[in-house]
Amino acid sequence: MSNCRLRYPDQRKKRRRSLVGGNGQTVYTTDDTNSRGIELEVSGQPTPRINLLAGFTHVDIVESGSNDKVRLFEPRNVLRVSGTYQVPGVDQLKVGGSVRWQSKTTTDSELYTQDAYTLVDLMASYEFNDNWTLSGKINNLTDERYINSLYWEQGFYGEPRNATVTLTWNY
């Protein structure tokens with residue numbers, strides 16, 4: 001079983017935003033932008049033990065009329081791939097991982113930049129019976145240092161490498 005989805009978003013947006021000037025006065029402006037792109041997502045189960053999901057997004061956001069690129073804090077390209085594998089001989093054990101990549105982003109003033117980066121996550125789960133499952137996950141396996149977003153000319157670092165272990169009881 002597999003699925004494929006392809007989308008060509010083409011939108012024009014007007015949004016209102018406020019800016020505070022040097023004298024403390026609030027000024028309201030309107031952004032008029034056009035965004036065009038492509039989204040592709042493919043998922044499937046090539047074998048009974050393997051589940052895969054992959055997606056790619058590309059978007060161009062330009063100011064209406066001038067075609068100047070705007071909203072540079074949004075990545076122009078994003079790629080995601082994930083999968084799980086049920087281990088033969090130990091049907092209760094499932095292992096998997098995911099990779100997320102995004103292209104360079106910058107502030108609209110281009111004062112700050114975040115280079116393209118890749119995040120890798122790993123997971124494993126063991127189903128003891130219909131009621132109990134033990135799961136573990138490692139996020140940002142390579143401990144990549146990255147800025148989540150550069151919106152409003154500021155940025156916050158994303159999560160460093162971290163791990164979780166969960167014991168789930170279903171009744």
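All figures in this text were calculated on a predicted structure; none of them were measured in a lab.
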Notebook entry, point to check: Going by heavy atoms in the side chains, are T133 and Q92 under 4.5 Å from each other?
Noted result: no
- request: Would you mind reporting whether Y117 and D115 have side-chain heavy atoms less than 4.5 Å apart?
  value: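 Result no, sub-4.5 Å side-chain heavy-atom pair not found.
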Heavy-atom closest pair, residues [X] and [Y]:
{"X": "G83", "Y": "L52", "result": "CA-CD2, 4.0 Å"}
{"X": "V87", "Y": "R49", "result": "O-NH1, 3.6 Å"}
{"X": "E74", "Y": "T105", "result": "C-CG2, 3.8 Å"}
{"X": "P75", "Y": "V59", "result": "O-CG1, 3.8 Å"}
{"X": "R161", "Y": "T142", "result": "NH2-C, 4.0 Å"}
{"X": "R76", "Y": "V70", "result": "NH2-O, 2.6 Å"}

Kindly say whether [Y] contributes a backbone atom to a donor-acceptor pair with the side chain of [X] at under 3.5 angstrom?
{"X": "T107", "Y": "Y112", "value": "yes"}
{"X": "T106", "Y": "L72", "value": "no"}
{"X": "Q114", "Y": "I147", "value": "yes"}
{"X": "Q86", "Y": "D91", "value": "yes"}
{"X": "N131", "Y": "N170", "value": "yes"}

Determine, using the 4.5 Å side-chain heavy-atom cutoff (strictly less than), whether [X] and [Y] are members of one ILVMFWY cluster.
{"X": "L167", "Y": "V95", "result": "yes"}
{"X": "L134", "Y": "W132", "result": "yes"}
{"X": "F156", "Y": "Y146", "result": "no"}
{"X": "F56", "Y": "V99", "result": "no"}
{"X": "L93", "Y": "I50", "result": "yes"}

With sequence neighbours left out, the residues meeting salt bridge (Lys or Arg N to Asp or Glu O under 4.0 Å) with K104 are none
Sorted by chain and residue number, the salt bridge (Lys or Arg N to Asp or Glu O under 4.0 Å) partners of D143 (sequence neighbours excluded) come out as none
Nearest-0.5 Å distance, [atom1] of residue [X] to [atom2] of residue [Y]:
{"X": "K137", "Y": "S98", "atom1": "NZ", "atom2": "OG", "value": "5.5 Å"}
{"X": "L122", "Y": "I138", "atom1": "CG", "atom2": "CD1", "value": "6.0 Å"}
{"X": "H58", "Y": "L79", "atom1": "NE2", "atom2": "CG", "value": "13.5 Å"}
{"X": "S109", "Y": "L150", "atom1": "OG", "atom2": "CG", "value": "9.5 Å"}

ask   = side chain to side chain contact (heavy atoms under 4.5 Å, CB included) between N77 and W101: does it pass, once the steps are laid out?
value = CA-CA 8 Å; N77 297 293; W101 173 87; 3.6 Å; yes
Counting heavy atoms not belonging to [X], are there more than 12 under 6.0 Å from its [atom1]?
{"X": "D130", "atom1": "CG", "answer": "no"}
{"X": "R80", "atom1": "CZ", "answer": "no"}
{"X": "E159", "atom1": "CD", "answer": "no"}

Please state whether the rings of Y126 and F128 are parallel, tilted or perpendicular, taking 30° and 60° as the class boundaries.
->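 Rings of Y126 and F128: perpendicular, over 60°.
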- prompt: Applying the side chain to side chain donor-acceptor pair (under 3.5 Å) test to R100, which of N140, T118, D121 qualifies?
  reply: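 Of the listed residues N140, T118, D121, the side chain to side chain donor-acceptor pair (under 3.5 Å) partner of R100 is D121.
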